[in-house]
Amino acid sequence: MPKEYRTIREVAGPLMMISDVDDVKYDELGEIELPNGETRRCKVLEVDGSNALVQLFDSAAGINLAGSKVRFLGRSMELAVSPDMLSRVFDGLGNPIDDGPALIPEKRMDVNGTPMNPAARNYPQEFIQTGISAIDGLNTLVRGQKLPIFSASGLPHAQLAAQIARQAAVRGKNEQFAVVFAAMGITFEESDYFIQSFKETGAIDRTVMFVNLANDPAIERIATPKMALTAAEYLAFDLGMHVLVIMTDITNYADALREVSAARKEVPGRRGYPGYMYTDLATLYERAGRLRGKEGSITLIPILTMPEDDKTHPIPDLTGYITEGQIILSRELYRKGVTPPIDVLPSLSRLKDKGIGPGRTREDHAATMNQLFAAYARGKDARELMVILGEAALTEMDKKYAEFAEAFEREYVSQGYDANRSIEETLDIGWKLLAILPRSELKRIKDEMLDKYYPGE
């Protein structure tokens with residue numbers, strides 16, 4: 001029986017100080033028993049001699065300092081895992097919230113996990129088809145990659161996240177593929193949208209969902225991505241599945257870190273976020289990848305809303321350092337009605353070259369990708385010139401490029417949230433658009449490729 005302490009000295013917001021404790025460890029879980037028999041959970045944040053600072057998972061309301069007892073459980077936070085997790089919905093602490101039966105665990109795993117040893121990693125290389133042209137064709141996602149989506153408030157990142165979760169697949173292989181979806185600090189309406197969206201399309205059958213609502217405690221928000229990654233590690237490295245982890249919204253997670261840091265009176269860093277936020281985010285992101293000698297893999301798509309649409313804000317800034325690229329959503333494209341409003345020019349997948357080409361996608365992929373980027377960039381410049389100087393100031397070729405840029409946004413980038421395009425469809429649309437330009441302009445594509453694919457002749 002765990003030892004009980006009646007030495008609560010102080011409660012301040014989500015924190016509580018207990019004195020005269022012995023043999024209590026950092027990150028250990030505890031229970032607080034109130035005089036009326038109600039129990040609440042907590043976690044040790046700091047041990048200083050015989051004093052322990054704990055963080056409450058629930059509200060501090062009603063805790064009587066003299067009449068309440070604290071027990072420490074001798075273990076850190078764990079997640080009960082089993083193959084039956086698929087198709088289930090859990091809260092941020094791993095408790096089922098879908099009215100289904102309790103999970104019979106195969107084992108319990110420590111949610112803190114460990115980032116992968118770089119020497120034990122396999123290089124990410126297999127192509128993952130999301131069915132979204134702006135990602136598959138131009139910013140290709142590769143198995144084992146960490147590719148964040150940078151959004152902004154009011155932009156449809158929820159629809160894009162749901163679309164990727166529904167459509168993502170590895171082509172040509174009948175492998176076990178699962179999605180772990182972690183939502184942090186979202187509204188009930190958003191939570192319901194994700195659950196219904198997955199149920200309607202049957203995607204729920206291969207999905208494990210962790211949902212932390214905006215009115216749930218901050219400490220639960222901090223635990224949610226760890227729960228999700230622990231579930232992903234079990235599915236990938238114990239069951240040999242290929243797992244796509246989607247986490248939204250990392251900004252809410254970072255705000256919860258800041259809230260707890262402020263309650264602990266830590267010295268704040270940039271914009272009030274704790275100085276260890278880089279390390280904290282890295283310990284999450286670096287749990288994704290492929291391990292040598294293991295069949296499974298974890299591919300990670302964290303989604304974050306940039307406060308004030310600012311790419312230099314600490315959250316997107318630090319995320320960009322740790323991950324392999326970014327997909328950026330554009331307010332300007334959203335206003336034009338482009339869905340999804342992916343801005344392909346500043347977006348980047350640093351591993352795209354590893355997952356494309358013969359045997360993976362198609363031989364013309366790399367060349368058409370480079371040509372589309374170049375033509376769209378020139379077309380955008382031509383459009384801007386047209387706004388400033390008028391159409392009469394443009395050469396005939398500039399007008400062609402401006403026409404290409406319009407068609408590219410309308411037909412290639414904009415496809416709606418239900419269209420699931422194969423990579424062949426995406427490449428064929430690219431060729432159809434390149435046919436707007438004369439063959440002599442396509443300088444980034446070899447002649448033999450043009451002979452085979454260019455439809456303008």
Side-chain angles (χ1 to χ4, degrees), residues 124-143 145 147 164 167-173 325 327 333 338-340 342-383 395-416 418-457:
Q125 50 194 15
E126 295 104 329
F127 165 69
I128 293 179
Q129 181 173 289
T130 64
I132 299 162
S133 293
I135 296 177
D136 292 349
L138 302 174
N139 295 292
T140 315
L141 178 65
V142 180
R143 185 187 282 168
Q145 185 175 2
L147 186 62
I164 293 171
Q167 296 179 178
V170 176
R171 292 157 43 87
K173 298 182 179 178
I327 303 291
L333 290 177
V338 173
T339 52
I342 294 172
D343 195 349
V344 297
L345 293 181
S347 296
L348 167 72
S349 166
R350 292 194 181 103
L351 299 179
K352 64 186 173 193
D353 299 337
K354 307 293 181 284
I356 63 176
R360 293 204 173 101
T361 53
R362 210 166 73 183
E363 57 180 350
D364 57 320
H365 192 156
T368 54
M369 175 174 73
N370 292 335
Q371 190 65 65
L372 285 167
F373 268 126
Y376 181 51
R378 185 165 164 191
K380 278 188 84 170
D381 289 346
R383 272 198 325 214
T395 64
E396 284 307 311
M397 191 52 71
D398 280 341
K399 285 179 189 166
K400 279 248 182 273
Y401 274 105
E403 180 194 340
F404 169 85
E406 282 297 329
F408 178 79
E409 288 173 1
R410 194 175 57 246
E411 295 176 37
Y412 192 96
V413 180
S414 190
Q415 64 178 75
D418 296 315
N420 187 357
R421 293 177 179 168
S422 69
I423 187 63
E424 287 79 18
E425 281 178 74
T426 290
L427 292 169
D428 291 345
I429 293 168
W431 278 108
K432 182 183 143 206
L433 292 170
L434 289 173
I436 293 171
L437 304 170
R439 177 170 167 152
S440 57
E441 287 293 306
L442 307 183
K443 299 184 176 73
R444 291 164 188 263
I445 304 177
K446 290 182 177 162
D447 278 341
E448 55 264 35
M449 291 266 190
L450 288 167
D451 293 341
K452 186 171 177 182
Y453 293 105
Y454 183 65
E457 300 183 343

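Any value given below was found using the heavy atoms of this structure, including those in side chains, with hydrogens, waters and symmetry copies removed. Bear in mind the structure is a predicted one, so any value in this text is a computation, not a measurement.
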List for me each residue that meets side-chain hydrogen bond (donor to acceptor under 3.5 Å, both in side chains) alongside Thr140, sequence neighbours excluded, and say none if there are none.
none
Not counting sequence neighbours, which residues clear side-chain hydrogen bond (donor to acceptor under 3.5 Å, both in side chains) with Arg444? List them please.
none
By side chain to side chain contact (heavy atoms under 4.5 Å, CB included), Gln167 pairs with (sequence neighbours left out) Ile132, Gln163, Asn420
Ala366 meets the side chain to side chain contact (heavy atoms under 4.5 Å, CB included) criterion, sequence neighbours left out, with Ile356
Selection residues 427-438 - residue pairs positive for side-chain hydrogen bond (donor to acceptor under 3.5 Å, both in side chains), sequence neighbours left out:
Arg362-Asp428, Asp364-Trp431, Glu411-Lys432
Results of ring-ring contact (aromatic ring centres under 6.0 Å, His included) for Tyr412 - residues two or more places apart only
Phe408
Sequence neighbours left out, what passes side chain to side chain contact (heavy atoms under 4.5 Å, CB included) with Thr395? Give chain and number order.
Met397, Asp398
Does Thr361 form a side chain to side chain contact (heavy atoms under 4.5 Å, CB included) with Thr426? I'd like the steps, not just the answer.
CA-CA 11 Å; Thr361 53; Thr426 290; over 6 Å; no
Are Lys400 and Glu441 close enough, and set up right, to give a salt bridge (charged side-chain N to carboxylate O under 4.0 Å, His left out), and what steps lead you there?
CA-CA 11 Å; Lys400 279 248 182 273; Glu441 287 293 306; over 6 Å; no
Apply side chain to side chain contact (heavy atoms under 4.5 Å, CB included) to Ile342 and Leu333, showing your working.
CA-CA 8 Å; Ile342 294 172; Leu333 290 177; 5.9 Å; no
Once side chain to side chain contact (heavy atoms under 4.5 Å, CB included) is applied, do any residues pair with Ala367, and if so which ones, sequence neighbours excluded?
Ile445
With Gln125, which residues qualify under side-chain hydrogen bond (donor to acceptor under 3.5 Å, both in side chains), at least two apart?
none
Would you please name every residue forming a salt bridge (charged side-chain N to carboxylate O under 4.0 Å, His left out) with Glu406, sequence neighbours left out?
Arg383
Going by the rule side-chain hydrogen bond (donor to acceptor under 3.5 Å, both in side chains), which residues pair with Thr368 if we only count those two or more places apart in sequence or in a different chain?
none
Only pairs at least two apart or in different chains count here, so list each side-chain hydrogen bond (donor to acceptor under 3.5 Å, both in side chains) that has a residue in residues 347-357.
Gln145-Ser349
Could you walk me through whether Ser133 and Arg421 pass the side chain to side chain donor-acceptor pair (under 3.5 Å) check?
CA-CA 7 Å; Ser133 293; Arg421 293 177 179 168; 2.7 Å; yes
